[in-house]
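Since the structure is predicted, the reported quantities are computational estimates derived from the model, not experimental observations.
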Amino acid sequence: MPATARDRDNDLEFDRHIRLAGTRNLRDVGGYPAGNGMRTRWRTLLRTDALDRLPAASQAELVGLGLRQVIDLRWTSELDEFPSVFRASEAVRYRTIPLLDEDPGPGKSLSDIYRLMLDVRGPQLVEVVRALLEPGGLPAVVGCAAGKDRTGVAIALVLAAVGVPTGVVANDYALSAEIFAAEVADEHLVDWRAAPAVVDCAPENMLEAIDHLERRHGGASALLLRNGLTRGELDRLAELLTEPDPANGE
């Protein structure tokens, strides 16, 4: 099932791409098949680019959607230079979990970077999952600078761990290309996101990363378990992020 900016669910339309002033790539990962007649819950787990430009109205709209937690995957220098508007929020929990120590620099392909995150940042990926499992940890938004690489790996791992098929995970990752290529009408964005942009997020990038995840680590669940997550926590993750799919008549 290819991801699209708008998906139809049970006769209701949900915007997968949530268009809020001050964001470019804020998306919902609900409505995806998760095996055994289940699907991922809408308005429970979001993914995003940096949340450093959100005006007050956008912040209020996110809180109005039920947002309880912001998980920021950017490295320290980014957090200092472009602080999240939620860093000192009293309305939502704000947590930083750098998914890379710093910019890996030139000469590394996206595939190299994704493998690096999977191979050496397992504890941090477990930290992301455990943050979601905390009381009041959901609904949550996970993000980085563009919302496609560090966010892409973290979201892909979570989706795979709750049973979302590989092709669906890869298509969700690739949706960033469509969004960044679109025209922009947002006076709050004054950085590189302020104009249409070509970003490298071909589905093959994520398919290769997932193949590496399977071959080297035994899959998403095995990587998380090896880095300290318990089977009970994995089961709880699936319980929180999935629900019966109405399309299956349940």
Side-chain angles (χ1 to χ4, degrees), residues 1-4 7-10 12 14-18 25-48 62-63 65-73 92-93 95 97 99 117-118 122 124-144 147-148 150-173 175 206 209-210 213 217 219-225 227-248 250:
M1 181 183 76
T4 60
D7 283 340
R8 181 172 289 278
D9 169 69
N10 200 26
L12 296 174
F14 290 85
D15 278 329
R16 185 170 300 288
H17 181 202
I18 302 172
N25 197 17
L26 175 63
R27 312 203 314 259
D28 194 319
V29 298
Y32 288 142
N36 298 318
M38 304 295 283
R39 68 170 186 187
T40 52
R41 297 180 188 270
W42 286 100
R43 298 301 188 258
T44 303
L45 181 60
L46 310 179
R47 54 180 297 167
T48 191
L62 270 177
V63 173
L65 287 175
L67 185 69
R68 303 287 296 278
Q69 180 170 209
V70 174
I71 301 174
D72 198 330
L73 305 178
V92 301
R93 183 181 311 157
R95 185 187 303 270
I97 306 175
L99 207 49
M117 285 189 273
L118 293 170
Q124 286 74 24
L125 290 164
V126 166
E127 192 176 349
V128 170
V129 171
R130 284 197 165 133
L132 300 177
L133 294 175
E134 290 178 355
L138 292 168
V141 61
V142 177
C144 57
K148 78 175 188 74
R150 289 163 288 184
T151 302
V153 169
I155 292 294
L157 191 76
V158 170
L159 292 179
V162 301
V164 176
T166 296
V168 176
V169 173
N171 284 328
D172 176 76
Y173 159 81
L175 187 56
M206 188 54 66
I210 295 173
L213 175 64
H217 299 283
S221 295
L223 184 147
L224 292 168
L225 290 168
N227 283 278
L229 206 69
T230 68
R231 178 60 63 180
E233 287 172 319
L234 271 176
D235 291 344
R236 179 61 175 158
L237 183 70
E239 179 183 346
L240 290 172
L241 292 185
T242 67
E243 65 183 0
D245 188 345
N248 292 316
E250 295 188 22

Next item on the list: Please check if the side chain of N36 supplies one atom and the backbone of M38 the other of a donor-acceptor pair under 3.5 Å.
Entry: no
Item checked: Selection residues 130-139 - residue pairs positive for side chain to side chain donor-acceptor pair (under 3.5 Å), sequence neighbours left out -> R93-E134, R95-E134, R130-E233
Check: Between atom CG of L157 and atom CG of L213, what is the distance when rounded to the nearest 0.5 Å?
Finding: 6.0 Å
Next item on the list: Would you check if T151 and T48 make a side-chain contact, meaning some heavy-atom pair closer than 4.5 Å?
Entry: no
Check: How close do G37 and N248 get, heavy atom to heavy atom, and via which atoms?
Finding: CA-ND2, 3.3 Å
Next item on the list: Measure across V92 and L67 and return the closest heavy-atom pair with its distance rounded to 0.1 Å.
Entry: CG1-O, 3.2 Å
Item checked: Any side-chain heavy-atom pair of V158 and L45 under 4.5 Å -> yes
Note to self: I need the minimum non-hydrogen distance between V168 and V164, along with the two atoms involved.
What the structure shows: CG1-CG1, 3.6 Å
Check: What's the verdict on side chain to side chain contact (heavy atoms under 4.5 Å, CB included) for V141 and L62, showing C-alpha distance, side-chain angles and the deciding distance?
Finding: CA-CA 10 Å; V141 61; L62 270 177; 5.5 Å; no
Next item on the list: Enter the distance from N25:CG to K148:NZ here, rounded to the nearest 0.5 Å.
Entry: 10.0 Å
Item checked: Interatomic spacing from CD in E243 to OG1 in T44 - rounded to 0.5 Å -> 7.5 Å
Next item on the list: Would you give the length of the straight line joining atom CZ of R16 to atom CG of L175, rounded to the nearest 0.5 angstrom?
Entry: 7.5 Å
Notebook entry, point to check: Counting N and O atoms only, with roles assigned by atom type, does the side chain of Q69 sit under 3.5 Å from a partner on the main chain of A140, one being a donor and the other an acceptor?
Noted result: no
Margin query: Working to the nearest 0.5 angstrom, can you tell me the gap between I18 CD1 and L26 CG?
Written below: 4.5 Å
Next item on the list: Side-chain contact test, heavy atoms from C-beta onward, threshold under 4.5 Å: evaluate it for L240 versus L132 and give yes or no.
Entry: no
Next item on the list: Kindly write out the residues that satisfy side chain to side chain contact (heavy atoms under 4.5 Å, CB included) with Q124, not counting sequence neighbours, or none if the list is empty.
Entry: I97, L99, R121
Check: In Å and rounded to the nearest 0.5 Å, what is the CZ to CG distance from R41 to D28?
Finding: 12.5 Å
Check: Which heavy atom of P165 sits nearest a heavy atom of P33, and at what distance?
Finding: CD-O, 3.2 Å
Next item on the list: Let me know which of T40, D172, L241 forms a side-chain contact (heavy atoms from CB on, under 4.5 Å) with V29.
Entry: D172
Next item on the list: With sequence neighbours left out, write down each residue that passes salt bridge (charged side-chain N to carboxylate O under 4.0 Å, His left out) with R68, or none if nothing qualifies.
Entry: none
Notebook entry, point to check: Shortest non-hydrogen contact from L234 to S221?
Noted result: CD1-CB, 3.8 Å
Next item on the list: Kindly indicate whether a cation-pi arrangement holds for R47 with Y173, taking the cut-offs as under 6.0 Å to the six-membered ring centre and within 45° of the axis.
Entry: no
Note to self: On a heavy-atom basis, which atom in L224 and which in A161 lie closest, and how many Å separate them?
What the structure shows: CD1-CB, 4.0 Å
